[in-house]
Structures are given as C-alpha cells and as structure tokens.
Amino acid sequence: VPTQYCRWLGVCNAEVGVKQLQADPSAFLGMFISRQGLPNLLPTALGGFLAGMLLGETEYRHQVESVIRPFRDVLLGLFFITIGTLLDMRLLFEQGWLVLLLVLVLSFVKTAVVVLVATSSAGSWTKALRTGLVVAQGGEFGFAILTLMLNDQLASPAIVQPLLAAIVVTMPLSPFV
C-alpha cells in the first residue's frame, strides 16, 4: 500500500508541474512515516530512512530527487556537523591504539564479508577483493546506529565513542584505497 501511495503521489506531482507543490506531498509522506507511521516501533531516523526508500522505489524518483536536491546538501552537512559534535577528540589521542585496532578490525571484517559474498558474482577473486577494499570503510548508517545507541542509552559512551572514532577515521582513508 505505501508504494502504491508513492506512485499515486508521483502521478499527482507530475500533473501539477509546480516544484513547491511537488515537494510538499513528498515531504509530508517522509514526515508522516518517520514520525507517525509506525508509532513506538521505529525510531524517527529509521522511519525517515524507510520513507526515503519508499519514495526511491517509485518511477518518479528522479523528479523527487531533483526537487529535494537543494535540501539534501544542507541536511547532509548538518548530519556530519552533528556527528562531529558527538565525537570526543580527546579519545583519538588518549586511546589512539584502541581506535587504530577498531579501524583495522572494521576494515578487515567488512573486506572479508564482501569478498566472500562478491566472489560468486564478480567472477574472480581479485575483483571481489578490490570491491571489498573499496567498501571497507565505515559509513553514515554506522553513524546513525551509534547515535541511536548513544541517545537511547543502549550502550555507554565508553563503548560508543571508540566505535564512532573508528568510523570517522576510516572515512577519509577510503579515497586512498
């Protein structure tokens, strides 16, 4: 049903032709699913992610993307700024060995899993290894999960902060692989 609503929403947007009127129903759907769609079952951030996935599966995803593009860059910058404020920079200097160990473990485990999965579809072991090295760094989804764990007090900051620091350290390393 939600995908059918998204498709209907896209048809309505295509008929209207005004960009502001195209953005409003898409934004409403995203806010509705993230906040009220599944009360007490999903965190707001995960609901927003689900809404984005639903909107991205319609045939009008390019139109929705062009409408929200100006907001995307601002919100992406805001996301990384908030993650940066959560990171305890003293940890990098005080427990640098732990962060380095977590970086190595994260990179090795992600590479190994991707190599195992991609070997069958890539055709060769070297292509699978290259793919594993390219995606070995931590990503935004890890930030979101760690932030939820920290905000909901599911784990102590002593556990979350080194993991957060390890993900932050792996991200700038990805262009050098």
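The residues of the chain are indexed from 1 along the displayed sequence. What you see is a predicted model, and the numbers here were worked out from it, not measured in a lab.
Phe141 and Val117 are not part of a single hydrophobic cluster, where members link through side-chain heavy atoms under 4.5 Å apart. Trp97 and Val103 fall within a single hydrophobic cluster, where Ile, Leu, Val, Met, Phe, Trp and Tyr are joined by side-chain heavy atoms under 4.5 Å apart, directly or via other members. The hydrophobic clustering, which links ILVMFWY residues whose side-chain heavy atoms are closer than 4.5 Å, places Ile159 and Leu98 together.
Distance CG/Leu148 to CD/Gln153: 13.0 Å, rounded to 0.5 Å. Residue Ile145 holds its CD1 atom at 12.5 Å from CG of Leu163, rounded to the nearest 0.5 Å. To the nearest 0.5 Å, the span separating CG on Leu129 from OG1 on Thr119 amounts to 9.0 Å. Going from atom NZ of Lys127 over to atom OG of Ser121 covers 10.5 Å, rounded to the nearest 0.5 Å. In this structure, Thr147 OG1 and Leu164 CG are separated by 6.5 Å, a value rounded to the nearest 0.5 Å. Distance check: Leu106 CG to Leu102 CG gives 8.0 Å after rounding to the nearest 0.5 Å.
Lys110 contributes a side-chain N or O that, together with a main-chain N or O of Gln137, makes up a donor-acceptor pair within less than 3.5 Å. Proximity of a side-chain donor or acceptor of Thr170 to a complementary backbone N or O of Gly138 within less than 3.5 Å is detected.
The shortest distance between side-chain heavy atoms of Met171 and Phe143 falls below 4.5 Å. Counting only heavy atoms from C-beta outward, the side chains of Leu150 and Gln161 approach each other to under 4.5 Å. Contact annotation: the side chain of Val168 never approaches that of Leu92 to less than 4.5 Å [non-hydrogen atoms, C-beta and beyond].
Closest approach of Pro162 to Ala158, counting heavy atoms only: CD-O, 3.1 Å. The minimum heavy-atom distance linking Leu146 with Val160 is given by the pair O-CG1, 3.8 Å. Taking each heavy atom of Val115 and Ala128 in turn, the nearest pair found is CG2-O, 3.5 Å. Of all the heavy atoms in Val99 and Ala165, the pair that sits closest is CG2-CB, 3.9 Å.
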